[in-house]
Amino acid sequence: MTPKIVIHGGAGSLEGTLHKALEIQAALSEIVSESYQLLLKNNARMTVIHAVKCLEDNPLFNAGTGSKLQRDGKIRMSAAIMDSNSEKFSGVINIQNVKNPIEIAEHLSDKKNSVLAGARATHFARKKGYVNYNPTTIDRSQEHEKKLIGD
């Protein structure tokens, strides 16, 4: 069986921003190519975590660094991983101030409580040694400011 990998960069509107769409397409192509090479040498779980981290690390995407600010100006992120071999699901919901939420979800995969939300998810990340990280970008801050003034 030939392995396959599918990723996507979200479902937001790019109307009127062809240059950004091309930038996103190029980033997705790079991430999927790199991840496919990893998949050929490693297991699917490791590959999925790698691919999601790449998306979280790229400010073009609404994940990790570059996540959209909510109405109150804070970024709350979610990430989850499901493994059909082990039949395990783990995830974080509304976690704040971490670089890669998918890594925290992965750490939960062997815990009794495999889903944590809000402050508990962030506290768990700190206990695991993840330092405070601000995922806000200048573009997202400006986007948020425009929304606040109704632009």
Side-chain angles (χ1 to χ4, degrees), residues 3-14 20-21 23-148:
K4 305 264 190 282
I5 185 167
V6 177
I7 64 172
H8 72 87
S13 172
L14 292 172
K20 188 167 183 178
E23 212 178 333
I24 289 170
Q25 184 178 11
L28 288 171
S29 292
E30 183 178 325
I31 292 168
V32 80
S33 293
E34 182 181 309
S35 298
Y36 185 74
Q37 292 306 310
L38 187 64
L39 180 59
L40 294 175
K41 300 173 191 163
N42 294 288
N43 64 46
R45 185 182 188 89
M46 180 184 293
T47 302
V48 165
I49 292 167
H50 171 80
V52 172
K53 281 179 59 177
C54 289
L55 292 166
E56 289 175 341
D57 290 344
N58 189 320
L60 288 172
F61 303 107
N62 181 15
T65 301
S67 291
K68 290 188 176 196
L69 282 74
Q70 295 181 359
R71 182 176 288 278
D72 64 1
K74 294 181 181 178
I75 291 176
R76 294 176 189 86
M77 302 168 285
S78 299
I81 187 160
M82 186 171 25
D83 185 327
S84 61
N85 289 329
S86 65
E87 298 182 345
K88 289 193 172 198
F89 173 88
S90 57
V92 291
I93 303 164
N94 290 334
I95 193 168
Q96 292 181 269
N97 300 312
V98 296
K99 185 173 183 185
N100 295 107
I102 192 65
E103 289 184 337
I104 312 310
E106 167 66 3
H107 280 295
L108 285 166
S109 65
D110 63 346
K111 302 293 181 206
K112 181 181 177 187
N113 297 312
S114 62
V115 177
L116 292 176
R120 287 187 181 206
T122 304
H123 179 70
F124 178 80
R126 299 296 176 259
K127 282 178 53 175
K128 286 292 184 185
Y130 287 85
V131 298
N132 191 50
Y133 176 80
N134 182 355
T136 307
T137 63
I138 292 169
D139 287 345
R140 291 297 192 194
S141 289
Q142 290 172 346
E143 177 185 81
H144 179 69
E145 291 298 319
K146 285 181 182 178
K147 281 187 177 182
L148 288 178

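- When all heavy atoms of Lys99 and Tyr133 are compared, the closest pair comes out as CA-CD2, 3.4 Å.
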Test side chain to side chain contact (heavy atoms under 4.5 Å, CB included) applied to Glu34 and Ile31, step by step: CA-CA 5 Å; Glu34 182 181 309; Ile31 292 168; 6.0 Å; no
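- There is a side-chain donor-acceptor pair under 3.5 Å between Arg126 and Asn132.
- Residues Lys53 and Glu103 are paired through a salt bridge, judged by an N-O separation under 4.0 Å between the basic side chain and the carboxylate.
- Taken to the nearest 0.5 Å, the CG atom of Leu38 stands 4.0 Å off from the OG1 atom of Thr47.
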Steps toward side chain to side chain contact (heavy atoms under 4.5 Å, CB included) verdict (Thr137, Thr65): CA-CA 7 Å; Thr137 63; Thr65 301; 3.9 Å; yes
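- Put simply, CG on Asn42 and CD1 on Ile49 are 11.0 Å apart, with the number rounded to the nearest 0.5 Å.
- Counting heavy atoms from C-beta on, the side chains of Ser114 and Lys88 never come closer than 4.5 Å.
- Shortest non-hydrogen contact noted between His144 and Gly73 is NE2-CA, 3.5 Å.
- The CD atom of Gln70 sits 10.5 Å away from atom NZ of Lys147, with the distance rounded to the nearest 0.5 Å.
- Between the Arg76 side chain and the Ile95 main chain, no donor and acceptor come within less than 3.5 Å of each other.
- Residues Lys4 and Tyr36 have side chains not in contact (no heavy-atom distance under 4.5 Å, counting atoms from C-beta outward).
- Considering only heavy atoms from C-beta on, Ile24 comes within 4.5 Å of Leu28 through its side chain.
- Side-chain contact between Pro101 and Glu56: present, with at least one pair of heavy atoms (C-beta onward) separated by less than 4.5 Å.
- Taking 4.5 Å as the limit, some side-chain heavy atom of Ser86 sits within range of a side-chain heavy atom of Asp83.
- Scanning both residues, Ala125 and Val98, for their nearest heavy atoms gives CB-CG1, 3.7 Å.
- Counted by atom type alone, Asn134 and Asn97 present zero donor-acceptor pairs between their side chains at under 3.5 Å.
- Side-chain atoms of Leu108 and Val115, non-hydrogen and from C-beta on, never get closer than 4.5 Å to each other.
- Considering only heavy atoms from C-beta on, Glu106 stays 4.5 Å or farther from Asp110 through its side chain.
- The heavy-atom pair separating Ile102 from Val52 by the smallest distance is CB-CG1, 3.6 Å.
- Distance NZ/Lys74 to CG/Leu69: 11.0 Å, rounded to 0.5 Å.
- Heavy-atom minimum distance, His50 versus Ser35: CD2-OG, 3.5 Å.
- Summarising the local packing, CZ of Arg45 is surrounded by more than 12 heavy atoms from other residues, nucleotides or ligands at distances under 6.0 Å.
- Between Leu40 and Pro3 the shortest heavy-atom distance is CD2-CG, 3.7 Å.
- Interatomic distance, NZ of Lys127 versus CZ of Arg120, reported as 11.0 Å (0.5 Å rounding).
- Looking at Lys146 and Glu143, no side-chain N of the basic residue comes within less than 4.0 Å of a carboxylate O on the acidic one, giving no salt bridge.
- Inter-residue side-chain proximity for Met77 and Gln96 is flagged as unmet; no heavy-atom pair is nearer than 4.5 Å.
- We find the CG-CG distance between Asn62 and Leu55 to be 11.0 Å, quoted to the nearest 0.5 Å.
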Test log, rule side chain to side chain contact (heavy atoms under 4.5 Å, CB included), inputs Ile138 and Gln142: CA-CA 6 Å; Ile138 292 169; Gln142 290 172 346; 3.6 Å; yes
Phe124/Lys111 under side chain to side chain contact (heavy atoms under 4.5 Å, CB included): CA gap, chis, key distance, verdict: CA-CA 11 Å; Phe124 178 80; Lys111 302 293 181 206; 4.1 Å; yes
